[in-house]
Amino acid sequence: MLQFKPIFLGKVPRQVPCAATAQRCIRTNDVENVGRTTRHHTFFEMLGNFSFGDYFKKEAIKWAWELSTAELGLPAERLWISVFEDDDEAFEIWHQEVGVPADRIKRMGEDDNFWTSGVTGPCGPCSEIYYDFHPERGTFDADLGDDSRFIEFYNLVFMQYNKKDDGSLEPLKQKNIDTGMGLERVARILQMVPSNYETDLIYPIIEKASELANIPYGLADDSTKLKLKIIGDHMRAIVYLISDGVNPSNIGRGYVVRRLIRRVVRTGRLLGIRGDGRENLEGAFLPAIAEKVIDLGTHIDSDVKARAPRILEEIKREEYRFVQTLERGEELLELMIADALSSAREKGTVPCLAGKDAFLLYDTYGFPVEITVEVAEELGVTVDMNAFDNEMEKQRRRSQAAHHAVKLEVGDDADLTANVPDTEFLGYDTLSARAVIKGLLVNGKSVIQVPEGSEVEVLLDKTPFYAESGGQIADHGLMCVSDGENQQRTVVEIRDVQKSMGNLFVHKGTIKEGVLEVGKEVEAEVDPKLRQWAKVHHTATHLLQSALKKVIGQETSQAGSLVAFDRLRFDFNFHRPLLDDEILEIERLINGWIGDAAVLQTKVMPLTEAKEAGAIAMFGEKYGEEVRVVEVPGVSMELCGGTHVSNTAEIRGFKIISEQGIASGIRRIEAVAGEAFIEYVNSRDYYMKQLCNNLKVKAEEVTTRVDNLLEELRTARNEVSLLRSKAAVYKASTIASKAVLVGSSKEIRVLVESMDDTDADSLKSAAEYLIDSLQDPAAVVLGSSPSEGKVSLVAAFTPGVVELGIQAGKFIGPIAKLCGGGGGGRPNFAQAGGRKPENLSSALEKARSELMEILW
Ligand code: ATP
Ligand code: MG
């Protein structure tokens, strides 16, 4: 309801008298309850109905009852009610008008049944509806707080006061209604399952996790179930936070996502799931689960499927980062454990890991202490947890002391606010500005002074720096402070800017020179060249979207985009690869628009007006009442907060460098424009010139020339191979006479020879020739080293030899093994290879002696 606060207070005029909502909610203060109670999540869906000075208590109560009994079909005798202790009116409505027996209506105190959002603001008494899982236990002594019997699923807040700073309640001019019903809790009641986690909203996610962990949920013990539930819960929160544009970071909401992701990775590891996210999606753990969340989620967020590639990418990257941290920690932990073991052995004591070591792992490497304990225990080492707790406490005090400049901690609820006001963005009009440092952060902790060489995050009152958003990457540049009196200078190199909590710009960089301090004035300067490159790619992205719609159809829509300095990337919904002609046509259209030298128009207007004018909304963006519309007249009109060229001629040229599928139904184009376009064309031209020089033809003849050369090469290779076998056969004819006669009546011919410089195919021809020319019974084994580090072997036996019980396929294996290889084949013919030419002669010697022995 936070977004309705100003309307409840009458500060903003209502646009509608009442509303009904289905909202995605994050409650980080319930994180410790996740999996431990049957009903709490960090992410859940709240269904609500609201009145802004329209209907009030009586209607809200009656409708809630009607929804619960008539629509959801819950038996009236299973429903219990709580009301605020002084709220006789609510009691009477429930009892007299709805007909709930008095012994099923409980009066509760201020803690439970008086609702306030924060310390001050709109508030009022509330009334909750509970479902009774055990009506047989009767009404005597029933306690609505008894988790094993009751679940609260619906809360009606009668928002009629404004709580002032001094704690007094001022009646509001208009009386409001704000209700909330948790979808997961209702699902649990209706589906008659033991907890919210077993509902079809969450269970398939848990099942996926248990499949990855290879532990059937039904057979798992409580602690394993708890872990699976944590994964099931957190992954939903992670996916929808990222879907709504909150990416992992060290501050604000971003930190919530980061902590949740880390908790899932750790929890997964405790279950033995060690996906690393490194290679591809299949190798990663979290994306595999996130895909399941997304599959289940179109009713929650209709955009989530279209955003899937971005969400999965973000999760994969964060998982990888954290896994690397964990692995560094693991290496260190192994050394620490080895130390602890050896020093315990020396002293004859019980091996124990020092608390400060566990703390170092935790603090510097982000390595969770519960994993430290687990790994250490496995190796028979305990961890000094008292000492660890002491270190934690010291750390807490240190960070508190550093916390006076700004407060930027993750708040209790989703209502995360900072004391630093929003940053004013000047970057549409200027590339440099004087601004005041409002806050500094190091490793996510707020500080007042940062020394040279540090990585720092800077908050300013105003800035010319564009923060990454709408696909466009952040500006790079410098911040300089000159302290004339002390002749000191500070220079910070900025390489990233992110928006946090709405419109707070967080500039990330390194202090190259000097010291940075809160309160100082800086000269903030955007790198103009890089900004121009980003502008060019951003406008080109708009042109690309228009051209795509023209060429492949209006129904295609954007599924993601990246506007970088050196290129642009554009993801869109389409079911097949683009044809070469389509790509050419897109490029032709865009280069035409560039040539038109159209002047861009940027206007701020009401959202409804922009939509009426036909402006396209950008993927993943949230819009307020007033929106910024960027128009290339006659070509493109998009809602966009990005920076753009003022004339399309600045783009100079456009070229698509790749087109590929990235997920089912989603294609990706990468393209270059401006400087990057010219560089691309030049480098291609350079390679082409080299080719032309080498081939001694004109550019337009290169393809034919290369085709001809390939054909010539194929023919030549065939000829060489024919000649080689002929040579080998010739060589074979000269050694045929070396065959020795063995056997009791000397009738078996055995020929074991090495042939130099003969490749495997020719060796085969030689053996075939020999076995044909020697009379049955005969056995031929040939070996060669056709190139460095390679051995070829072949064995050919006539039927008379095979009849004696030896088979070429089996015979050759052990011989090849001596040459570091292996092989096999049919009884009368087999080939093998190896990697140790130095052993070839002894291997052939063995072949000879074995044949002699067997055929004796
Ligand atoms: P509880 O006492 O069970 O924590 P609450 O009093 O905090 O609930 P409200 O703030 O009144 O709940 O929220 C309204 C409704 O939202 C609740 O009736 C419940 O259905 C749902 N809800 C609240 N918190 C959660 C949560 N952490 N997970 C799932 N659903 C929730
Ligand atoms: Mg609660």
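This is a predicted model, so every value here is computed, not measured. First listed ligand is number 1; within each ligand, the first listed atom is number 1.
Taking distance alone, with nitrogen or oxygen atoms compared against 3.5 Å, E128 stays at or beyond that limit from ligand 1. Not a single N or O atom of E184, backbone or side chain, sits closer than 3.5 Å to an N or O atom of ligand 1. Inclusion of M181 in the set of residues having an N or O under 3.5 Å from an N or O of ligand 1 is not warranted. Considering backbone and side-chain N/O of F44, none are found under 3.5 Å from N/O of ligand 1. An N or O contact shorter than 3.5 Å links H41 to ligand 1 by distance.
Taking the six-membered ring for Trp and the full ring otherwise, F84 and F158 have centroids separated by 6.0 Å or more. The six-membered or imidazole ring of F133 lies away from that of F150, with a centre-to-centre distance of 6.0 Å or more.
Interface of D30 with ligand 1, defined as ligand atoms under 4.0 Å from a residue heavy atom, comprises 24 (N), 26 (C), 27 (N). Every atom of ligand 1 with a heavy atom of F153 under 4.0 Å away is listed here by number and element: 18 (O), 20 (O). Residue-ligand proximity, M46 to ligand 1, at heavy-atom distances under 4.0 Å covers atoms 14 (C), 15 (C), 16 (O). Close contacts of ligand 1 with N155, meaning ligand atoms under 4.0 Å from a residue heavy atom, involve 11 (O).
In terms of modelled atom types and a separation under 3.5 Å, the side chain of Q174 and the main chain of I7 share a donor-acceptor contact. In terms of modelled atom types and a separation under 3.5 Å, the side chain of R24 and the main chain of I300 share a donor-acceptor contact.
The cationic atom of R27 (NZ for Lys, CZ for Arg) does not lie both less than 6.0 Å from the six-membered ring centre of F44 and within 45° of the ring axis.
Heavy-atom minimum distance, A76 versus R104: O-NH1, 3.1 Å. A pairwise comparison of heavy atoms in L260 and A237 identifies CD1-CB, 3.8 Å as the closest pair.
In this structure, the protein non-hydrogen atom closest to atom 17 (C) of ligand 1 is E152 OE2, 3.4 Å. The protein atom (non-hydrogen) at minimum distance from atom 20 (O) of ligand 1 is G182 N, 2.9 Å. Of the protein's non-hydrogen atoms, R27 NH1, 3.1 Å is the one closest to atom 24 (N) of ligand 1.
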Evaluate the criterion side-chain hydrogen bond (donor to acceptor under 3.5 Å, both in side chains) for residue pair N196 and T199; output intermediate values, then yes/no. CA-CA 5 Å; N196 291 8; T199 63; over 6 Å; no
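Salt bridge D147/R39: present, at least one basic N to carboxylate O contact under 4.0 Å.
Contacts with ligand 1 closer than 4.0 Å are made by heavy atoms of both the backbone and the side chain of H40.
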